[in-house]
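This is a predicted model, so every value here is computed, not measured. Index from 1, following the sequence.
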Amino acid sequence: MSIPFNLQSNRLYTKLLLAFTITVTILILGLSALLYRNYSTASLANENRLRTSMLNQISYSMNYMDNLAHKFMSSVIVGPNISNLLYQKNEDKMVLDNALRNLDMLVVTNDYVHSVYTISLPLDRITSTEDGGFYSTDHFYDQDVINLLQKWDSQNLSTMPIARIIPKANSSSEFINVYSYILPFQMDAGKHLSEAVVVNIKSNALRELIASLDNKTEAAENDIIVVDSNGTVVNHASEGMFLQNIRDESYVQSVIASDHSSGTFKTNIDGQSYTIAFVSSQALNWKFISRISDKTFMSPVDAVKSSTLFISIIVLLLGFLFSLIMSKSIYSPFGKLIETVRLKSDEWEQKQRNQRLSLRNHWLKDRLLGNKDVSHTELPSIKAELGIKTNLAGPLRIIVFRLDHYRMFLDKYNERERSLLKYAIANIMETTLSGHLTGDVVEMDADKLVLLLESSGQEEESADILTLVQNIQSLVQEYLNFSISAAVSAPIESRALLSEAYSDTFAISLYRMIAGHGSILTPAIRSSIRTEPSPFPEGKVKLLLDSLRLGHLDKVKKYFDEFVQALVDAPYETMLSSYIHLMFMISSSYHSVADNNNNSRISNAFHTFFSKIDYFETVEEIHQTFESLFNEIVLTADAVKHNKRKIVVDRIKKLIEDQYQDKNLNLSILAEEFQMSNVYLGRVFKESTGESVAEYITKIRMARVKQLLNDSNLSTKEILEQCGWEDLNYFYTLFKKHFGLSLTQYKVLIKSDDQQEAQETS
């Protein structure tokens with residue numbers, strides 16, 4: 001009778017073993033698939049947002065450069081310079097030279113401008129500020145621009161940038177990439193453009209921005225390309241790609257054919273999967289395209305997938321091996337078999353409890369992000385299974401907590417330490433909840449933790465929530481030495497509005513930028529924010545840049561404070577974009593200063609600001625960046641100005657010492673030689689040496705007079721001719737003033753000294 005019993009026991013154990021194995025397999029595979037799908041979706045969405053943000057930044061920069069180019073063209077056509085160069089006959093060479101020199105001064109003061117041409121086909125004359133030369137049409141080094149004028153459509157009066165590769169003046173082997181703007185002045189009877197001004201803008205500034213953003217992704221297959229409506233590359237991190245036509249690429253055709261201003265889509269290139277993001281510029285009719293290989297951002301996802309699969313297989317193998325060993329040892333009565341099954345069941349339930357915390361956080365996070373919801377009938381069982389305390393069927397409130405100094409938090413702690421510290425903060429939140437406030441803590445991504453509360457709808461609830469938040473902030477600061485900020489939502493009527501309320505509360509938390517670290521923000525902050533569009537304070541920025549250019553640091557700080565004050569009640573997006581706009585204007589104005597090898601800190605400040613703008617948490621952090629930059633620019637500008645003045649003064653001294661014999665040598669001659677005004681050159685020399693130009697000329701001549709009087713037997717007239725004087729009476733007056741005695745007295749003194757020396761010698 002014992003054999004049938006053993007057979008039944010083995011058969012029952014086999015059924016239990018199979019049920020256990022199948023259940024574990026399905027659960028692990030299901031959870032792994034769910035985690036992998038959500039993680040990959042989030043990674044793709046985050047990468048698309050990042051690339052679109054980068055493209056918007058490049059598009060904004062190019063539009064801004066286009067605006068600067070139009071303002072420059074407006075300043076060029078003001079005044080008589082252009083008219084003289086286009087219509088003045090060749091006979092008046094001085095007028096033409098002065099006009100070209102004045103035009104070149106405009107180019108020199110605008111670093112982003114490469115050169116300006118004036119083209120007059122009736123006069124067969126072309127001028128270029130690049131080398132200050134005058135050319136005939138047949139001998140001009142940039143023949144491509146002549147062809148553009150000859151093909152000019154009389155109906156096309158727009159000044160759109162034309163991407164071109166032009167040769168450098170006086171060189172047939174060197175070229176530069178530019179954007180040319182053509183300003184038509186006169187059309188002849190054949191509808192051909194006969195007079196025009198061409199402004200060539202450097203493409204390097206935009207190319208450097210693209211290169212700096214492109215360097216954030218280390219993969220070689222990732223790329224950022226700017227193309228026009230014909231699929232021609234108008235900017236790229238590699239100068240060799242300039243003006244290459246890539247319209248045959250399928251993804252470029254898709255972008256050009258798209259009616260949307262921006263978007264993303266998937267495509268295959270050379271057998272690899274790529275994600276294409278693009279942004280359009282309506283003003284320029286250009287497309288800014290980002291091409292990134294899926295394997296760049298899918299590598300971490302695949303690593304998670306492989307790790308999860310490996311762990312799942314190990315768990316399954318260990319469970320199967322353990323069950324197999326146990327099955328071989330089962331020879332005990334049926335009761336012992338049931339006890340073994342019960343122990344296994346308890347072990348399984350313990351695992352479920354350990355996983356419940358993670359599953360609960362994941363499920364609540366999905367609700368806040370607006371992922372698939374559940375029906376009212378399923379809700380009670382899910383709450384019981386996951387241990388959710390909040391009554392999700394009634395009114396709710398959301399508190400979004402954000403870790404302050406999050407960048408420092410990432411740098412200071414490794415991943416495991418960060419996870420433990422976030423768990424500690426969540427534990428403080430749960431233990432701080434009072435008896436009449438019920439809720440759950442949800443750990444979101446990055447620096448955010450959310451406290452989901454039941455709402456009673458009573459008026460005193462807001463005061464209780466404010467006290468709760470203050471207690472949590474105090475305890476976190478006391479026990480963990482962390483500062484956290486909080487944003488509190490308005491009452492939420494139903495669970496269906498939970499995702500919208502979370503997005504709105506997160507938007508409120510962004511105003512920590514104004515309120516500062518450790519702040520508590522409520523929907524009431526919106527009443528202090530302007531709803532109408534806020535114009536960019538161009539006037540204040542112009543005054544700031546002018547003061548910075550003059551080195552007046554006090555005025556710079558004053559105008560910057562006024563700029564900041566104008567943004568106090570502006571929306572967050574307007575405020576942030578205004579700071580970016582200001583930094584770009586400073587970067588454009590002081591590009592040459594930033595490129596100086598001895599001033600890498602200025603260049604680093606520009607790059608740090610643009611690359612880490614999203615990490616700034618308060619206005620004070622942005623202000624510190626600007627104030628530090630202002631100090632560096634003023635110090636650098638002062639040093640450059642001092643060096644330039646010293647070079648000019650040394651050259652003036654050398655010229656005086658070489659040409660003091662010239663009777664016409666004076667301040668005006670020197671000013672014309674250095675192409676400066678008399679007043680400015682005289683002031684520079686006086687401030688640097690302590691004496692005027694005329695005084696220095698007199699000092700050099702008097703030193704030569706003294707030498708000739710001491711060492712030669714020349715007559716006074718001969719000495720005057722060698723030293724550059726004509727007026728004898730004026731010389732006598734200057735001599736007495738300079739040496740303190742008359743010329744006659746000085747000669748007598750020399751003669752007596754010579755006699756005394758001769759006597760001493762004899």
May I ask you to test the Leu497-Glu500 pair for a side-chain heavy-atom distance under 4.5 Å? yes
Could you walk me through whether Phe482 and Phe409 pass ring-ring contact (aromatic ring centres under 6.0 Å, His included), step by step? CA-CA 9 Å; Phe482 280 133; Phe409 178 77; 5.5 Å; yes
Check Met585 against Leu545 and note the closest heavy-atom contact, atom names and distance. CE-CD1, 4.1 Å
Which atom of Phe265 lies closest to which atom of Ser254, heavy atoms considered: CZ-CB, 3.9 Å
Counting distance only, does the side-chain N/O of Tyr179 pair as donor-acceptor with the main-chain N or O of Val234 below 3.5 Å? yes
Exercise: identify the closest heavy-atom pair between Ile492 and Ala501: CD1-CB, 3.4 Å
Let me see the working for Ile269 and Thr267 under side-chain contact (heavy atoms from CB on, under 4.5 Å), right down to the final yes or no. CA-CA 7 Å; Ile269 302 176; Thr267 188; 4.1 Å; yes
Check: Trp286 and Val227 side chains under 4.5 Å, non-hydrogen atoms: no
Side chains of Gln477 and Asn481: any donor to acceptor distance under 3.5 Å? yes
Here the pair of heavy atoms bringing Glu417 nearest to Asn414 is N-OD1, 2.8 Å
Quick one, Phe584 with Tyr64, criterion ring-ring contact (aromatic ring centres under 6.0 Å, His included). Give me CA distance, side-chain angles, the key distance, then yes/no. CA-CA 9 Å; Phe584 187 84; Tyr64 179 71; 4.9 Å; yes
Side-chain (Arg397) to main-chain (Leu452) donor-acceptor, under 3.5 angstrom: no
Partners meeting ring-ring contact (aromatic ring centres under 6.0 Å, His included) with Tyr511 (sequence neighbours left out): none
Could you tell me whether a side-chain N or O of His260 sits under 3.5 Å from a main-chain N or O of Ser262, the two making a donor and an acceptor? no
Set out, in order, the CA-CA distance, both residues' side-chain angles and the distance that settles side-chain contact (heavy atoms from CB on, under 4.5 Å) for Leu466 and Val488, then state yes or no. CA-CA 8 Å; Leu466 181 61; Val488 183; over 6 Å; no
Heavy-atom count around Gln565 CD within 6.0 Å, excluding the residue itself: above 12? no
If we ignore hydrogens and angles and just use 3.5 Å, is the side chain of Asp228 paired with the main-chain N or O of Gly231 as donor and acceptor? yes
Is any side-chain heavy atom of Phe288 closer than 4.5 Å to one of Ile224? no
Close side-chain approach of Ile399 to Val469, heavy-atom, < 4.5 Å: yes
Would you say Glu493 has more than 12 foreign heavy atoms packed within less than 6.0 Å of its CD? no
Rounded to the nearest 0.5 angstrom, the NZ-NZ distance for Lys365 and Lys448 is 9.0 Å
Working note: Ile398 + Leu498, criterion side-chain contact (heavy atoms from CB on, under 4.5 Å); need CA distance, chi angles, decisive distance, verdict. CA-CA 9 Å; Ile398 289 177; Leu498 198 58; 3.8 Å; yes
Arg512 with Asp404: basic N within carboxylate O range, under 4.0 Å: yes
Taking the side chain as everything from C-beta on, heavy atoms only, tell me whether Leu451 gets closer than 4.5 Å to Phe401. yes
So which atom in Ile508 and which in Pro523 form the shortest heavy-atom distance, rounded to 0.1 Å? CD1-CA, 3.7 Å
Under 3.5 Å donor-acceptor, Ser59 side chain and Asn56 backbone: no
Between atom NE2 of His362 and atom CD of Glu443, what is the distance when rounded to the nearest 0.5 Å? 13.5 Å
Using a 3.5 Å distance criterion without hydrogens, assess whether the side chain of Asn230 forms a donor-acceptor pair with backbone atoms of Thr232. no
Can you name the residues that form a side chain to side chain contact (heavy atoms under 4.5 Å, CB included) with Thr264, not counting sequence neighbours? Asn48, Thr52, Ala277
Under the 3.5 angstrom rule, does the side chain of Lys383 hit a backbone N or O of Thr390 as a donor-acceptor pair? yes
Between Arg418 (side chain only) and Tyr413 (backbone N and O only), is there a donor and an acceptor less than 3.5 Å apart? yes
So, Arg247 side chain and Ser229 main chain: donor-acceptor pair closer than 3.5 Å or not? yes
Rounded to the nearest 0.5 Å, what's the gap from CG on Leu421 to CZ on Arg416? Could you check? 10.5 Å
Decide yes or no on side-chain contact (heavy atoms from CB on, under 4.5 Å) for Val400 and Tyr502, but give the supporting numbers first. CA-CA 8 Å; Val400 177; Tyr502 169 73; 4.1 Å; yes
Using side-chain heavy atoms (C-beta onward) and a distance below 4.5 Å, is Met444 in contact with Leu449? no
So, are Lys389 and Asp440 salt-bridged, with charged N and O less than 4.0 Å apart? no
Ignoring hydrogens and geometry beyond distance, is a side-chain donor-acceptor pair present between Asn63 and Ser281 at under 3.5 Å? yes
So do Asp66 and Pro161 actually touch side chain to side chain, heavy atoms under 4.5 Å? yes
Mind checking the CG-CD spacing from Leu433 to Glu454? Nearest 0.5 Å is all I need. 10.5 Å
Closest non-hydrogen contact found for Lys202 with Asp111 is NZ-O, 3.1 Å
Do Leu480 and Ile425 come close enough that some side-chain heavy atom pair is under 4.5 Å? yes
Kindly say whether Asn177 contributes a backbone atom to a donor-acceptor pair with the side chain of Ser203 at under 3.5 angstrom? yes
How long is the gap from CG on Asn391 to OG on Ser455, to the nearest 0.5 Å? 11.0 Å
When rounded to the nearest 0.5 angstrom, what distance separates OG in Ser499 from CG in Asp504? 11.0 Å
